[in-house]
Each structure stands twice: as C-alpha cells, then as structure tokens.
Amino acid sequence: MSSTTDSFEASRTEKLRAIEALGIDPWGSRFDGHMPIGEVLRLDADLPEEQRPHVKVAGRIVLNRSAGKLQFIDLWDWTTPLRKNKETREEERGKLQVMVGQRQVGEPSWSLVKLLDLGDLLGVEGRFGRTKTGEPTIFAEKLTYLGKSLLPHPDKHSGMQDIEFRLRHRYLDLIYNPETLDRARKRIQILKTIRRHLDEKGFVEVETPVLHAIAGGAAARPFVTHHNALGIDLFLRIALELPLKRLLVGGLERVYEMGRVFRNEGISPRHNPEFTMLELYQAYGDYHSMMDLTETLIVNCVISLEHGSKLPYGDRVVDYTPPFPRRSYGELFEEHVGVAMTDVEGCRAAAGKTGFATANKHPDVIVHHLFETKVEPALAKLDQPIFVFDYPAALCPLTKRKRERPEIAERFELYVLGMELANAYTELNDPITQEQTFRQQLAGLPEEESMAKMDEDFVRALKHGMPPAGGLGIGIDRLVMLLTNTTTIRDVILFPLLRPEARPRS
RNA sequence: GAAGGCGUAGCUCAGCCGGUAGAGCAACGGACUUUUAAUCCGUAGGUCCUGGGUUCGAAUCCCAGCGCCUUCACCA
C-alpha cells in the first residue's frame with residue numbers, strides 16, 4: 001500500500017463518517033423488491049410522464065457526473081446488458097442512468113449524493129423514462145445508501161488491463177470487464193447443461209472423497225497433506241475414477257461426478273493445479289455408448305450457449321453439427337505416418353527421422369510419439385470435432401482390450417482443433433488383468449512417477465464383480481475454454497492459483 | 001523447472017542513446033437543474049518492484065532477487 005492509496009482510503013473513510021452523521025448506515029441493510037437493471041432497461045421508456053413506471057433498483061455506482069443541482073449517476077448490476085460504444089462500435093459495460101435533482105429528493109438525500117464515490121452501492125426508487133437528451137433514466141425520488149467502497153475502483157474508461165491486477169482482484173474484473181462475467185455465466189450454463197443432460201439419461205451425481213490414501217486413477221504427481229489424528233499422509237485426488245468404479249460394483253449403474261481434482265504440476269495457459277473433471281461410468285455400456293453420449297453432451301452445451309451449432313475459437317470456427325467423424329487410430333496413423341502402427345521396425349525408423357530416441361522404448365510409445373507429431377497436427381486443422389478410437393493397448397492400463405485384438409485398447413479421444421477434449425474407455429473390469437497391469441506399471445518406474453498406483457482395495461472391489469462398463473472423462477475447464485473462445489485456463493476459472501502476493505510491509 | 005519479455009501516480013499509459021518525474025481518468029476545492037468517457041477554472045498526489053553495482057549524476061546502463069506474461073518441459 002502506498003501513501004496515495006492510504007489517502008484515497010482516508011478521504012473515503014471521512015465521507016463514510018459524514019454519511020453516518022446524516023443518520024445513514026454506511027453499510028446498508030436488507031433492500032427488498034428491487035428490479036434487476038436488465039429488466040428495467042427493457043421497460044418502455046417512452047411513455048407519457050404520468051404513465052412512467054415506478055421502479056426500484058440496487059447497483060454499483062460506475063459513473064457519477066454532477067451538473068449543479070442535478071446529479072447523474074450510472075448504476076450497474078450483474079444483469080446490466082452490454083451496449084455498443086458509438087465510436088468504436090465495440091461492446092462495453094452497460095449501465096442504467098439515474099438522475100437526482102436537489103429539489104426532487106430534498107435532504108438528507110442531497111447531502112448524501114454529494115458524498116457518493118465511484119464504487120459505492122446505491123438503491124434508487126423513482127420513475128423510469130427518458131431525459132431530454134433521450135437517455136433511459138430513473139428520475140430518483142428516493143435514495144437508499146447500500147454500502148461504501150473505501151478503495152478506489154479502476155479507471156472508468158480504460159478499465160483494468162493488467163492481467164495480474166485482474167486476477168488478484170477478480171471481483172473488480174467481473175464488474176469492469178464484461179467478458180469476465182460473460183464467461184463465468186457461460187461456464188455455469190455449460191455445467192448446468194451437462195447435469196441436466198446426464199440426469200435425463202438416468203445418471204446420478206455422487207460425491208466421492210477428495211482425500212485419498214492412494215492417489216490413483218491417473219498419472220500425475222499428487223499434493224500431499226497430513227491427517228493429524230490418524231497420523232497418516234493423505235493425497236488430494238488426481239482423478240475421480242477409482243471411487244466411481246467402486247460404485248459401479250455397488251450397483252449404481254450410471255454414476256458421474258463433476259468435481260475438482262488436483263495435480264502438483266506446472267502452471268500454464270492450459271494448466272491450473274486444481275481443475276474440474278467430469279467422469280462418468282455406465283454399466284453394461286462400452287466406449288461406443290460413450291461416443292454417442294459425448295456427442296450429445298457437447299452438442300447440447302453448444303446449443304445452450306445460444307449460438308447455433310457453430311462457435312468461434314480464435315480465428316477458426318468450429319462446426320459442432322452432429323454426427324462428428326469417427327476414425328480409428330490405426331487408420332489415421334497409416335494415413336499420416338505412411339506405415340502401419342503394427343509395423344514395429346517401420347515405426348522405429350519413422351520415429352528416428354523425427355529425432356526421437358527409440359532405444360529401449362516400448363513399440364506403443366514410439367507409435368504414440370509418431371501419432372502426436374504427425375497425426376495430431378492434421379487433426380488440429382479440422383473444423384469439426386473428431387473421435388479417434390482404438391488406441392495402442394500399452395498406453396491405457398485401465399482399459400479393456402479388444403477381444404480379438406489384445407494389442408488394441410477400447411479407448412477413444414475426442415479432438416477439437418487438436419485439443420483432447422474427452423477421453424473414454426471400455427473399462428477394464430477383470431481384476432486379474434488389472435492387478436497385473438498395476439504391477440507392470442509399477443515395475444519400471446520410480447514410485448512417484450508410476451502410471452497407476454497399486455490399489456489393493458480397488459482390485460478387491462473388482463474381484464467382487466464390476467459390470468462391463470463404458471467410462472468417460474472430460475476436462476471441464478478446457479471444454480469451457482473451447483466453447484467460450486478463451487485461450488487461457490485462468491480466464492475460465494474465477495480464482496486461478498497465483499503465487500501469494502508479496503507484502504512490502506511487515 | 002528452463003529461456004525470453006515486462007514491472008513508472010488509485011487505474012490506463014508516456015518518458016528509457018544517463019542530466020529536476022509526465023499525461024488522461026480517478027481524487028480534492030469551485031461553477032453549472034438534462035449530463036452521459038459531461039464541460040470549465042484551480043489543487044494535490046511518486047520507494048519509477050526490491051537490493052546491490054557502474055557513474056559527478058540512474059526510472060533509464062549492469063548484476064541478483066521477487067512478481068506477472070509468453071514459449072518449452074511434465075500433464076488434462
């Protein structure tokens with residue numbers, strides 16, 4: 001805090017005392033029956049003066065102009081629609097104008113008006129119409145002070161540009177950058193759509209533990225914490241998979257969880273240490289049932305955003321009109337790499353050309369390297385989502401193999417513009433294979449990097465009989481990024497992790 | 001974790017081949033009963049991220065640290 005910040009705060013605190021001296025509570029209180037500003041602005045503003053509707057609103061003061069014994073105050077609330085800037089034609093934060101006249105409101109309201117600051121919260125009652133210059137306006141009859149802002153708000157025109165400042169003051173970002181609130185709303189809409197769709201399909205939402213004794217279900221470094229009473233370390237979950245599958249054993253035939261998972265890895269425009277996953281499992285289904293479900297799920301989300309079936313992303317437009325193409329991994333591989341994925345030597349040679357060290361590598365690892373370097377860039381050029389199915393088995397330890405081709409795992413990924421949006425399997429329900437796979441995975445790797453931790457209790461659950469099932473995982477943050485045309489994950493998470501702010505004073 | 005870029009008033013930004021710290025908005029005082037990024041007159045506001053170095057002199061050049069951004073690695 002600098003001394004100028006202190007002086008801003010001191011000046012506003014003085015006004016707060018002055019407001020108290022008027023007999024007004026500077027922190028406001030319950031204010032019933034106010035109309036959302038967005039609704040007020042939809043009212044007919046052109047009625048004759050005596051027919052003008054009486055309205056009551058509450059909002060944040062975002063602009064404040066005094067003209068002698070008149071004061072023009074612009075209020076904002078979360079329903080205020082965007083409006084077009086006359087010069088730049090860009091959408092900007094909308095607002096509702098309030099006109100306060102000294103004669104019309106009298107005392108103590110007029111004294112209060114003189115003490116208002118940008119950022120204060122104000123309730124207004126009055127008639128809604130137009131001023132002489134044509135601006136939709138509430139002609140104030142009664143003011144109710146609803147709360148003081150002791151700190152100055154950002155510049156009314158330039159707003160907030162500094163990314164760090166926006167992230168550290170997300171509450172201001174929501175007010176002054178309309179896109180931020182819009183994205184938050186779209187995220188909420190997407191989550192709602194997913195829940196409604198799964199509900200309609202007979203799925204139930206469950207809550208499984210966040211604290212795990214064994215961090216399993218994915219390959220990632222966990223966060224470690226400690227339980228004092230039990231005297232044991234616990235891990236924050238890195239996936240939702242294993243508890244949900246236990247529920248399949250328990251007879252919950254269609255379950256899902258949409259929840260936070262935690263991975264102790266790098267932070268980037270696409271990675272936040274905590275992020276939201278959707279995982280769902282359907283008994284007696286397989287990965288093809290998951291493909292159908294994924295398609296309708298995504299299409300419903302797109303439609304729910306009310307932009308038809310096409311959405312922009314950067315300089316691209318993605319067409320989500322179903323059906324999405326479905327291509328097998330091997331087919332795409334041969335098409336773009338030029339050799340069959342079963343041709344071990346051919347793959348080794350092709351990978352060598354890309355500078356990839358192939359020695360001692362599992363053939364499937366080489367294959368997947370080629371897929372990433374040759375096939376994925378081609379997928380990124382498509383203007384519609386594409387399902388890629390039937391993956392090399394070694395890449396997918398928790399996946400059922402194809403009965404007639406055990407080197408192939410029944411898995412698909414949904415790619416949109418090269419991003420992996422969804423990942424699904426026919427789940428492995430054979431406890432013997434599961435246990436072997438766990439052990440194989442554990443064998444060659446340092447413990448902290450092992451692909452899947454041995455979870456004896458999970459294997460025991462499978463031994464009691466898990467139904468054959470399809471399972472699906474979707475990274476919700478990335479889905480929201482894609483559907484809201486957002487390039488950084490921090491902008492689809494309201495409070496992304498930041499290093500704690502250094503405080504200059506002790 | 002690595003490399004590159006950035007850090008100046010409450011906010012948005014100039015200034016950067018070294019020579020007294022600048023603007024707009026916000027704030028403060030004043031004028032105005034139809035403004036709307038109101039206007040007009042006036043005033044105040046700075047650890048130029050932090051610490052060290054070079055220099056007669058550093059916001060500016062060098063080194064280190066901190067924070068953020070971008071790219072890469074790990075991963076979703």
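Proteins come first, then strands; the chains are lettered A, B, ... in the order of their sequence lines, and each starts at number 1. Only heavy atoms go into these numbers, but all of them, side chains included; no hydrogens, no water, no symmetry mates.
- Annotation: B:rA59 and B:rU43 have their C1' atoms spaced 26 Å apart (nearest Å).
- Atom pair A:His153:NE2 and B:rA27:P shows a separation of 12 Å (rounding to whole Å applied).
- Listed nucleotides: B:rC68, B:rC28, B:rA76. Nearest to the side chain of A:Arg168: B:rC68.
- Between A:Ile267 atom CD1 and B:rA2 atom P there is a gap of 15 Å when expressed in whole angstrom units.
- B:rG57 is unpaired under the criterion used here, namely a Watson-Crick or G-U wobble arrangement in which both key atom distances are under 3.5 Å.
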Open item on the list: Quick one, A:Phe387 with A:Phe412, criterion ring-ring contact (aromatic ring centres under 6.0 Å, His included). Give me CA distance, side-chain angles, the key distance, then yes/no.
Closed with: CA-CA 6 Å; A:Phe387 287 109; A:Phe412 77 76; 5.1 Å; yes
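- Atom CZ of A:Phe389 is separated from atom CD of A:Glu410 by 10.5 Å, given to the nearest 0.5 angstrom.
- Partner assigned to B:rC17 is none, using Watson-Crick or G-U wobble distances below 3.5 angstrom.
- As judged by a 4.0 angstrom heavy-atom cut-off over every strand, A:Gly475 is placed among residues making no nucleic acid contact.
- Between A:Tyr391 and A:His368, the ring-plane angle classifies as tilted under the 30° and 60° cut-offs.
- If you check every strand for non-hydrogen atoms under 4.0 Å, A:Leu63 touches sugar and phosphate atoms only.
- The side chain of A:Ile163 lies closest to B:rC69 when the candidates are B:rA27, B:rC69, B:rC13.
- Comparing the P positions of B:rG65 and B:rG19 gives an interatomic distance of 28 Å, to the nearest angstrom.
- Contact between the side-chain N/O atoms of A:Lys132 and the OP1/OP2 oxygens of B:rU33 is not found at any separation under 4.0 Å.
- Here the shortest heavy-atom pairing between A:Met277 and A:Ile476 reads C-CG1, 4.1 Å.
- Computed from coordinates, the A:Arg166 CZ to B:rC69 P distance equals 11 Å when rounded to whole Å.
- Nucleotide B:rA44 forms no Watson-Crick or G-U wobble pair with any nucleotide shown, as no partner meets the under 3.5 Å limit on both distances.
- Proximity of A:Arg490 to the phosphate of B:rU70: a side-chain N or O atom is located under 4.0 Å from OP1 or OP2.
- Spacing of P atoms, B:rC6 relative to B:rC63, comes out at 13 Å, to the nearest Å.
- At whole-Å resolution of the value, CD in A:Gln102 and C1' in B:rC32 are 12 Å apart.
- Side-chain atoms of A:Arg103 come within donor-acceptor range of the base of B:rU33, with a qualifying N/O pair under 3.5 Å.
- The only member of A:Leu297, A:Leu240, A:Leu479 that meets side chain to side chain contact (heavy atoms under 4.5 Å, CB included) when paired with A:Leu278 is A:Leu297.
- Considering only the side chain of A:Phe8, B:rA27 comes nearest among B:rU33, B:rC32, B:rA27.
- Heavy-atom minimum distance, A:Pro53 versus A:Leu43: CG-CD1, 4.1 Å.
- Listed for the A:Asp77 side chain is a donor-acceptor partner under 3.5 Å among the backbone atoms of A:Ile37.
- To the nearest whole angstrom, the two C1' atoms, one in B:rC17 and one in B:rC61, are 10 Å apart.
- In this pair, A:Phe165 and A:His169 present their aromatic rings parallel. The plane angle is below 30°, not in the 30 to 60° band.
- With both pairing distances under 3.5 Å, B:rA23 is matched to B:rU12 as a Watson-Crick or G-U wobble pair.
- Between the side chain of A:Thr131 and the base of B:rU35 there is at least one donor-acceptor pair of N/O atoms closer than 3.5 Å.
- Between B:rC11, B:rC28, B:rC32, one nucleotide has an atom nearer to the side chain of A:Asp117 than all others, and that is B:rC28.
- A:Leu118 places its CG atom 11 Å from the C1' atom of B:rC11, with the value rounded to the nearest Å.
- Looking at heavy-atom distances under 4.0 Å, A:Gln161 makes contact with sugar-phosphate atoms alone, never a base.
- Taking atom CG of residue A:Asp155 and atom P of nucleotide B:rA9, one finds them 14 Å apart after rounding to whole Å.
- Shown here for A:Lys15 and A:Leu115, the closest heavy-atom pair between the two residues is CD-O, 3.4 Å.
- Of the candidates B:rC69, B:rC11, B:rU35, the closest approach to any side-chain atom of A:Gln97 belongs to B:rU35.
- If you check distances only, the side chain of A:Ser268 never reaches the base of B:rC74 with a donor-acceptor pair under 3.5 Å.
- Using P as the reference atom, B:rC28 and B:rC69 are 34 Å apart when rounded to the nearest Å.
- For the C1' atoms, the distance from B:rC11 to B:rG52 is 32 Å, rounded to whole Å.
- Side chain A:Asp162 to base B:rG7: no donor-acceptor pair is found below 3.5 Å.
- Among the nucleotides B:rU34, B:rC68, B:rU70, the one closest to the side chain of A:Met99 is B:rU34.
- Within 4.0 Å (heavy atoms only), A:Asn272 reaches at least one base atom of the nucleic acid.
- A:Gly101 comes within 4.0 angstrom of no nucleic acid atom, judged by non-hydrogen atoms across all strands.
- For A:Asn423 and A:Arg65, each mapped to the nucleotide of RNA chain B holding its nearest heavy atom, the one lying further toward the 5' end belongs to A:Arg65.
- Distances from the side chain of A:Glu420 to the nucleotides B:rA26, B:rA76, B:rU35 place B:rA76 closest.
- As rounded to the nearest Å, B:rG22 and B:rC48 have C1' atoms that lie 12 Å from one another.
- Under the stacking criterion of a centre-to-centre distance below 5.5 angstrom and an interplanar angle below 30°, A:Phe275 sits stacked against the six-membered ring of B:rA76.
- Contact annotation for A:Gln104: base contact, defined as any heavy-atom pair under 4.0 Å involving a base atom.
- Shown here, B:rC68 forms a base pair with B:rG5; the pair counts as Watson-Crick or G-U wobble because both key distances fall under 3.5 Å.
- Looking at the side chain of A:Lys95, the nearest of the listed nucleotides B:rA37, B:rC11, B:rU70 is B:rA37.
- Summarising the geometry, the separation between CZ on A:Phe223 and C1' on B:rA76 is reported as 14 Å, rounded to the nearest angstrom.
- Residues A:Phe165 and A:Phe72 both approach RNA chain B. Their nearest nucleotides, taken by heavy-atom distance, put A:Phe165 toward the 5′ side.
- As rounded to the nearest Å, B:rA14 and B:rG46 have C1' atoms that lie 15 Å from one another.
- Straight-line distance from the NZ atom of A:Lys15 to the P atom of B:rA26: 12 Å, rounded to whole Å.
- Among the protein residues, A:Arg130 comes within range of no part of the nucleic acid, since none of its heavy atoms lies under 4.0 Å from any strand.
- Pairing partner, B:rU33: none, since no Watson-Crick or wobble contact has both distances short of 3.5 Å.
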